[in-house]
Amino acid sequence: MTTNGRISPATRWHRMPDPEALVRAVTQRIIELAHTAIATHAGFRIVLAGGSTPQAVYRELVDASTDWSRWQVYFGDERCLPVDDPERNSVMATHSWLGQVPIPVSNIHPIRAELGPEAAASRYASVIAEARPFDLVLLGMGEDGHTASLFPGRHLDVSGNVHPVHHAPKPPPDRVSLGVEALNDSEEVLILVAGSNKRAAVQRWKTGATLPVTAIHGHRGVDVYIDAAADG
Ligand code: 6PG
């Protein structure tokens, strides 16, 4: 979070030498957080991100030793495409991870994005209202500083659980996204940033620019896992 244009101490940067180290560190942290949440309140509510960096983490989670029946899985955003389209975040997460572990299907809460942005957002708003607060929100960041499907250059509605999104600059144009308020209602937030194409946005973030990603602070700050290429 930024205060008077300065980065608050609540943004904790974890610099990793390469994407592989980043993926290992994030996977390990997710497993630790799940373990703690399951031990303290018998359940782990996680919100997933789309994108290639999170996908590498999902592949690693297949081998986690955990009680999958205690996980409740939500999505931070979804692309409005047919239900089995490989470009959907839910399909990516299922193929990479969820379809390969014994998690009950009823514990996975996809966004019904095939219904279109408005209908899907309105349905998912009730799901999210019951799910909050989360134990963990996972996010990626695009090279323009977007996170989930909250893109720069448009009004950032900080209230409300879930928003329909039109004309997104990253395809497809129609999407559904959790809003800032819902993404911030989490004990932990991990933001994954890898690749040299993210460097300019990281620079802007570190020098206090306001970007969609800088609106996310969770209950007690965010942990940004960044590789050397993105950190410059
Ligand atoms: C999506 C996302 C999006 C993503 C970032 C980073 O559906 O596209 O949820 O916010 O996380 O664009 O994606 P990469 O890790 O692929 O750069």
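Both ligands and their constituent atoms are indexed starting at 1 by order of listing.
In terms of heavy-atom proximity, Asn184 sits nearest to Ile216 at OD1-CA, 3.2 Å. Closest of all the heavy-atom pairs between Arg79 and Ala113 is O-CB, 3.5 Å. Between Asp227 and Ala194, the closest heavy-atom pair is OD1-CA, 3.3 Å. Of all the heavy atoms in Phe151 and Lys170, the pair that sits closest is CE2-CB, 3.9 Å. Contact detail for Asn89 and Phe75: the closest heavy-atom pair is O-CE2, 4.0 Å.
For atom 5 (C) of ligand 1, the nearest protein heavy atom (residue, atom name, distance) is His146 NE2, 3.5 Å. Nearest protein heavy-atom neighbour of atom 17 (O) of ligand 1: Lys198 NZ, 2.7 Å. Counting protein heavy atoms only, atom 15 (O) of ligand 1 is closest to Thr53 OG1, 2.9 Å. Among protein heavy atoms, atom 6 (C) of ligand 1 sits closest to Met141 O, 3.5 Å. The protein heavy-atom contact nearest to atom 4 (C) of ligand 1 is Gly50 O, 3.5 Å. For atom 1 (C) of ligand 1, the closest non-hydrogen atom of the protein is Arg79 NH2, 3.2 Å.
A perpendicular orientation is assigned to the rings of Trp71 and Trp97, their planes being inclined by more than 60° (bins at 30° and 60°).
The residue among Pro171, Ala148, Gly195, Gly140 with a heavy atom at the shortest distance from atom 10 (O) of ligand 1 is Ala148. The option with the heavy atom closest to atom 14 (P) of ligand 1, from among Pro19, Ser52, Ala194, is Ser52.
Looking at Glu78 against ligand 1, nothing comes within 4.0 Å, counting heavy atoms.
Side chains of Gln55 and Ser96: a donor on one and an acceptor on the other come within 3.5 Å.
Ligand 1 has no N or O atom lying under 3.5 Å from any N or O atom of Thr147, backbone or side chain. Note: an N/O pair closer than 3.5 Å links Asn89 and ligand 1 by distance alone.
The shell of residues lying under 4.0 angstrom from ligand 1, judged by heavy atoms, excludes Gln55. Note on ligand 1: Glu143 sits outside its first shell, no heavy atom being nearer than 4.0 Å.
Listed by number with element, the atoms of ligand 1 under 4.0 angstrom from any heavy atom of Arg175 are 1 (C), 7 (O), 8 (O). Near Asp77, the atoms of ligand 1 lying under 4.0 angstrom from a non-hydrogen atom of the residue are 1 (C), 2 (C), 7 (O), 9 (O). Ligand-side atoms of ligand 1 in range of Pro54: 15 (O), range being under 4.0 angstrom from any heavy atom.
At least one donor-acceptor pair closer than 3.5 Å links the side chain of Arg199 to the backbone N or O of Ala229.
Arg132 CZ: more than 12 foreign heavy atoms inside a 6.0 Å radius.
Within the cation-pi definition used here (under 6.0 Å to the ring centroid, within 45° of the axis), Lys206 qualifies as a partner of Trp13.
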